[in-house]
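Residue numbers begin at 1 in each chain, while the letters A, B, ... track the order of the sequences. Remember, it's a predicted structure, so these values are computed and weren't measured experimentally.
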Amino acid sequence: MVNHALVLDLVERVGAVATGATFTVGWGADDPEVASETVAAWCERTGNQLVEVGDSFAVLRRGRAADPLLDLDPDQLPGTRLWMYTNFDCNLACDYCCVRSSPQTERRALGLDRVRQLAAEAVQAGVSELILTGGEPFLLPDLDEVVAACTSQLPTTLLTNGMLFTGHRLERLRRMDRQRLTLQISVDSATPEIHDSHRGKRSWKRAVDGIRIAHEEGFRVKVAATLPAEQLHEVEPFHVFLDTLGVAREDQVIRALAHRGVSETGIELTMESLIPEVTITADGVYWHPIAADHEDQLVSRELFPLKNAIDEVRARFVEHRQRANAAAAWFPCA
Amino acid sequence: MDPILVGAVAYTPNVVTIWEGIRDYFADTDSEMDFVLFSNYGRQVDSLIDGTVDLAWNTNLAWVRTVAQTDGACKAVATRDTDTVFQTMFVCRTGAGMTDLTSLRARRLALGSKDSAQAAILPVQFLAEAGIGGDDVELLRINSDVGKHGDTGRSELDALRAVLDDRADAAAIGINTWEAIGRDQLMPGAFEVFWESPTYSHCNFTALESMPDERIQPWVDHLLAMDWENPAHRPILEMEGLRQWVLPRLEGYQSLFDAVAAQGITARW
């Protein structure tokens, strides 16, 4: 039976707080199911929000919390881009790799069929760009088909270390759609020392050669550098170097080293602190590509339907932001 | 030109949010405004009359008292659409068998705060008009929020609790409280309305007669232009409980003027 005084308590309590603030009502030993249904019905009718239900209480918000998704730049909206880890094995063993890739790492390939389905569903889900990464994608014998499955649907960026543009792999590169594909090649410094110290001897020269080859083949090339946070303010010489390679300034990406994977240092990144970039691997849906090998950022084991995965990531982001906003409101002076 | 200064009573923390939103709406217009919050309507009306504020967001009782204290040298310039059709609802326990105000003879009626027009002053007037005098019904007065003219709704909720607890057979509440509890739909078997009052007018923006029209009219025009369909305006309208600002319906205050006169309610506190 409905506890009639509960509704009166709700009306009185909501009047005592400002819009956006939360409050708690209790119902003692009343039937929790009936009480929570009453509270939910009252919220629905009066435009307030049921935040949490316990056995003998409910937490409510006066009005409805602002939609955190509306606070984002449209380009940051989760699901605008779809990241796909084509594989995890790599010809390098970088000492800061966020997903622990190396020549010894198991391939765990996403596979052509799943990439094809993901690319098709991405269009339906409103994704505007596909990004392929690894591991080193050029280790895959069918990479040209994987890329074609993506570029046939959406503009695509392919991340690579740029070191394998020879022989049959160069032939695969040449079969890719230059109008729809951008290559993003990793280079960490303007001279070999720093780059090679992380990625291996002679890797800098081969990567720079890879940029030149990609340009010669008619591809747009972006360059991404991974730097310790303390070096991010000393990047101008690096930009000048990339200018000499013909990489446009807007295609020069500098990113901070993350404390993930095999990296022993770097900035800490959690689901609560990261705006998500929906990421698909052979193992599941992840919050962000930086943590695509870490259970703490696994969102779901189910890749399909892709729209459900994107919706789940968005819902969790909204939940995190609202919880953070509530915490800020509760502890304004702490 | 100085901003128009509007007085309002702080009956809920939300008042700050509401008035900051309204102030923002008037920013960068020809009639910018600021606001002052008062703890009670008595202080607010005093401040309107002494010129501290240019406009007062008054309840219907505050309006009646302003008219009395200024000998009518004041004007109501705008109101909410919901203020033009306000009602008092008489409710009892579902199945109590009450059918109209005469059902209250020899019964107990819970009233809200004594300065609440909707839950105390007008209900007594409605009873009198129905031929029910003070000896015919036992009045349980619940003065939970005196000074705020029933705005908090707390005394009306307490009146409803009195009915649930069998300390009263019926309660008189404003239609806004009836809506807030979900009418009779969220608490099946709890309450039913057995008499609804005629509609009357509730709050309005009050100015002194001496306030020049050329100063107040642009402010009123801009207020009336607030648009429910405009996403930037909607939150304020929702929080303040209206869909459209409108011109006041002055004849809707007559029943309260009559009640105040009949019950000998003084012009001051």
Considering residues at least two apart in sequence or located in another chain, which fulfil the side-chain contact (heavy atoms from CB on, under 4.5 Å) criterion with Leu181(A)?
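Leu181(A) satisfies side-chain contact (heavy atoms from CB on, under 4.5 Å) with Val147(A), Thr151(A), Thr156(A), Leu158(A), Met176(A), Leu183(A), Phe219(A) once adjacent residues are dropped.
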Using the side-chain contact (heavy atoms from CB on, under 4.5 Å) criterion, which residues pair with Ser103(B)? Sequence neighbours excluded.
Met98(B), Thr99(B), Asp100(B)
Measure distances from Leu157(B) to the heavy atoms of chain A and classify the residue's part below 4.5 Å as side chain, backbone, both or neither.
both
Around atom [atom1] of [X], are there more than 12 heavy atoms of other residues, nucleotides or ligands at under 6.0 Å?
X	atom1	value
Asp55(A)	CG	no
Glu250(A)	CD	yes
Glu302(A)	CD	no
Asp296(A)	CG	yes
Arg43(B)	CZ	no
Gln185(B)	CD	yes

Under a plain distance cut-off of 3.5 Å, with no hydrogens placed, do Thr17(B) and Arg62(A) share a side-chain donor-acceptor pair?
no
Taken to the nearest 0.5 Å, the spacing of Leu8(A) CG from Thr177(B) OG1 works out to 10.0 Å
Here the gap from Leu186(B) atom CG to Glu37(A) atom CD, rounded to the nearest 0.5 Å, amounts to 12.0 Å
Shortest non-hydrogen contact between Gly15(A) and Pro13(B), atoms and distance
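Nearest heavy atoms, Gly15(A) then Pro13(B): O-CD, 3.6 Å.
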If every non-hydrogen atom of Met187(B) is compared with every non-hydrogen atom of His4(A), which pair is closest and at what distance?
SD-O, 3.0 Å
Under 4.0 Å between a Lys/Arg side-chain N and an Asp/Glu carboxylate O for Glu12(A) and Arg161(B)?
yes
Go through the steps to decide whether Thr19(A) and Glu238(B) satisfy the test side chain to side chain contact (heavy atoms under 4.5 Å, CB included), and finish with yes or no.
CA-CA 11 Å; Thr19(A) 294; Glu238(B) 286 180 338; over 6 Å; no
Would you mind telling me which of Gly153(B), Ala180(B), Pro235(B), Gly189(B) has the largest number of heavy-atom pairs within less than 4.5 Å of chain A?
Ala180(B)
Please identify each residue that fulfils side chain to side chain donor-acceptor pair (under 3.5 Å) with Arg180(A), with sequence neighbours left out.
none
Applying a criterion of heavy atom separation less than 4.5 Å, what residues of residues 41-53 of chain A form contacts with chain B?
Ala41(A), Trp42(A), Arg45(A), Thr46(A)
Proximal component of Val11(A), with respect to chain B [non-hydrogen, under 4.5 Å]
both
